[in-house]
Amino acid sequence: MADAAAPSTGPARPHARTLRRDARLEQLALFGLASPALILLLAVLALPVGWLFYLSFIGNDGGFSLQHYERMVDSKSYARIFRTTFEVSLITTGLCILLGYPLAYLLSQLPKRMAALCLLAVLLPFWTSLLVRTYAWLVLLQRRGLINEWGMSLGLWSEPLALVHNLSGTLIGMVHIMLPFMILPLYGSMRAIPADLLNASANLGARPSETFRHVFLPLSMPGLFAGSLLVFVLCLGFYVTPAVLGGGKVIMVSMRIATDIELFVNWGAASALGVVLLVLTLGLLYGASRFLSLDRVLGGGSR
Amino acid sequence: MTERNRSKSLPISVGGVTKTYGRVTALDSVDLEIESGEFMTLLGPSGSGKTTLLMVLAGFTRPDCGSVRFGDAEVVRLPPHKRDLGMVFQSYALFPHMTVAENVAFPLRLRKVGKADRLARAERALQTVQLGGYGDRRIDQLSGGQRQRVALARAIVFEPRILLMDEPLSALDKKLRELMQIELRRLHERFGMTTVYVTHDQREALTMSDRIAVIDDGAIQQLGTPRAIYDHPANRFVADFIGESTILPVTRDGADVLFAGTPLRLAGPPPPGPVSLMIRPERLQLLSGADAADASFNRFEATAESIVFQGESYLMQARLADGQLVALRGGVRHDYDAVTPAPGDRVALGVHVEDTILLPGADGAREADDG
């Protein structure tokens, strides 16, 4: 590229200024590529969240008020809802770990091609609608559903089991929906563990159980932590599945928000609930990030 | 070898070990006796089966059949964690979630050694590899050479009677590698454990080993001391793989071996059957007129084709009267320009009868085609 201005910058540092400008333009171009996403994020995330935040401080009379927050502190029902939310999320996370860890381990030990096929099976549910999957569970679990019909006709139990419209139904559905979010980061961090490390451990005298405890488990921790955090945070705000399978007996924060808006048209109360849930979630993430650096967790690496 | 060292090492006996992967034979009924306290190198190109053999010794690879004995004990069915041998991996395989000291103390922890004791022993092992005081470092704070030493300390801290090493120096740069070769050899002399060392680097093998097993195609091509293998390669593969060599076709005439119609002077009776002539470039020398009558040399007339300066030595390609190329390597000193011929010069080349090596097989012609 012929540039007439270049020689004038002095013979000692030829093209220094134009080269610097090229570098800046390149950075700008990269930033330009990201700008649609940034604008979208601003429009659909930052603005509504800010608006909710603002609404939560507006009382029923239209002026500034803390009444929505005060009610949350005063009313026992809110405390119960938050407790239920955290309990259901915690149990779901625990069950996902119990079911997901062995499966991820199996996948990580399979040959690459085989593992890819199995991962596809894990991801398959993502291709169908969340609502469809949830109603499918309803069909399976209800009083006259497939499981109860079969169980009774096989003589395994005589009375229909209460599998749905309660906590167990909610948990079954949520664990099913959340399992892939546990398995994927776990699988990633397990795949990243070099086979040589496990061989070295065995060579140094570790029984398979000791190799697992001292080497494999600690190195898969980042994945376990990432999966757990992901599942837990997603559970906190989960609406569809608990609403359909809980049968009104398992009230979570998201459902309370929905009734506040649909039934009582109380945007302020709903917003305040949303803000508290958001703050609690962010607090949790912050706590987790102090415990383990977040980018390492999300990267799923084993370093 | 002292009596004390002997109790710290075990002989290894490999018998009829075969391993196939589908239709590929990685090991073809390998027999190998390794003496107690010996430094044995398995040398071969990649895919030769040398690493498979090491993995069979370590227990990571289960052979199709065969026997592996450490001392009197048959171990072929023993899982790796019961074999009680030290191993240095090519990747070092240090545990990234443990400190240097925790890594080195790990085998002691598994052997239920008390905490104070195992930390003291780990520190001692680290001092042995000149990393005393590094115990609190994280693995990712160490350089490649330091990691290599930690891996070594971890492999010897529990005083195994057998030490396996899988190309432990291949990730280091040349200077460091040569330093570590000497250090590994020193450690072996100090601890005296039977050592099996896998490498594809012939120079490393020659430098360190008591004996070398040259492996190719899943079979041991030659077993012997570095000198024996270098001076008297058993076949064409060994001659090619270790050191430089020129291989020339010869013909038989009864007890005589003829090269270009002239009988070769030999140190001993030639082997039966078809043979070819092998000459190491550094054992070929330029002869002056005064040497012409010397009966201890085989003499060849040739024309210098190219001379390449390579630092400590030079490499000359010369074409023999019958059109074949032969390589000569000579030392470089201040008189380099005066003594080396120019391309096109007529030269007289000589190789001592002791260095005139006959290889079984008459496939020397292939080399000539390359030239």
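First the proteins, then the strands, lettered A, B, ... as listed; each starts at 1. Quick caveat, the model's predicted, so the values are computed rather than measured.
For Leu94(B), the part sitting under 4.5 Å from any heavy atom of chain A is the backbone (N, CA, C, O) and nothing else. Arg154(B) touches chain A through backbone and side chain together, each having a heavy atom under 4.5 Å away. The part of Phe106(B) that comes within reach of chain A is its side chain, from C-beta onward, which places non-hydrogen atoms under 4.5 angstrom from that chain.
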Using salt bridge (charged side-chain N to carboxylate O under 4.0 Å, His left out), reason through Lys50(B) and Asp166(B) one step at a time and then give a plain yes or no.
CA-CA 9 Å; Lys50(B) 60 186 191 302; Asp166(B) 184 13; over 6 Å; no
Would you please test Thr194(B) and Glu38(B) for side-chain hydrogen bond (donor to acceptor under 3.5 Å, both in side chains) and show each step?
CA-CA 5 Å; Thr194(B) 310; Glu38(B) 189 174 21; over 6 Å; no
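Contacts from residues 199-210 of chain A to chain B, taken as heavy-atom pairs separated by less than 4.5 Å, involve Asn199(A), Ala200(A), Ser201(A), Ala202(A), Asn203(A), Leu204(A), Gly205(A), Ala206(A), Arg207(A), Pro208(A), Glu210(A) in sequence order.
With sequence neighbours excluded, the residues satisfying side-chain contact (heavy atoms from CB on, under 4.5 Å) with Lys112(A) are Arg191(A). Checked against salt bridge (Lys or Arg N to Asp or Glu O under 4.0 Å), Arg118(B) has no partners two or more places apart in sequence or in another chain.
Ranked by heavy-atom pairs under 4.5 Å with chain A, the list Leu108(B), Leu110(B), Val88(B) is led by Leu110(B).
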Give every donor-acceptor pair under 3.5 Å between a side-chain atom in residues 65-75 of chain B and any protein atom, sequence neighbours left out.
unit_1: Ser67(B); atom_1: OG; unit_2: Glu74(B); atom_2: OE1; d: 2.8
unit_1: Arg69(B); atom_1: NH2; unit_2: Asp72(B); atom_2: O; d: 3.0
unit_1: Glu74(B); atom_1: OE2; unit_2: Val68(B); atom_2: N; d: 3.0
unit_1: Glu74(B); atom_1: OE2; unit_2: Val76(B); atom_2: N; d: 3.2

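Taking the six-membered ring where tryptophan is involved, the planes of Phe216(A) and Phe212(A) are essentially parallel, since the angle between them stays under 30° and well short of 60°.
Panel note: side chain Arg211(B), backbone Ile34(B); no donor-acceptor pair is recorded below 3.5 Å.
Using modelled atom types, one finds a donor on one side chain and an acceptor on the other under 3.5 Å when comparing Thr241(A) with Thr134(A).
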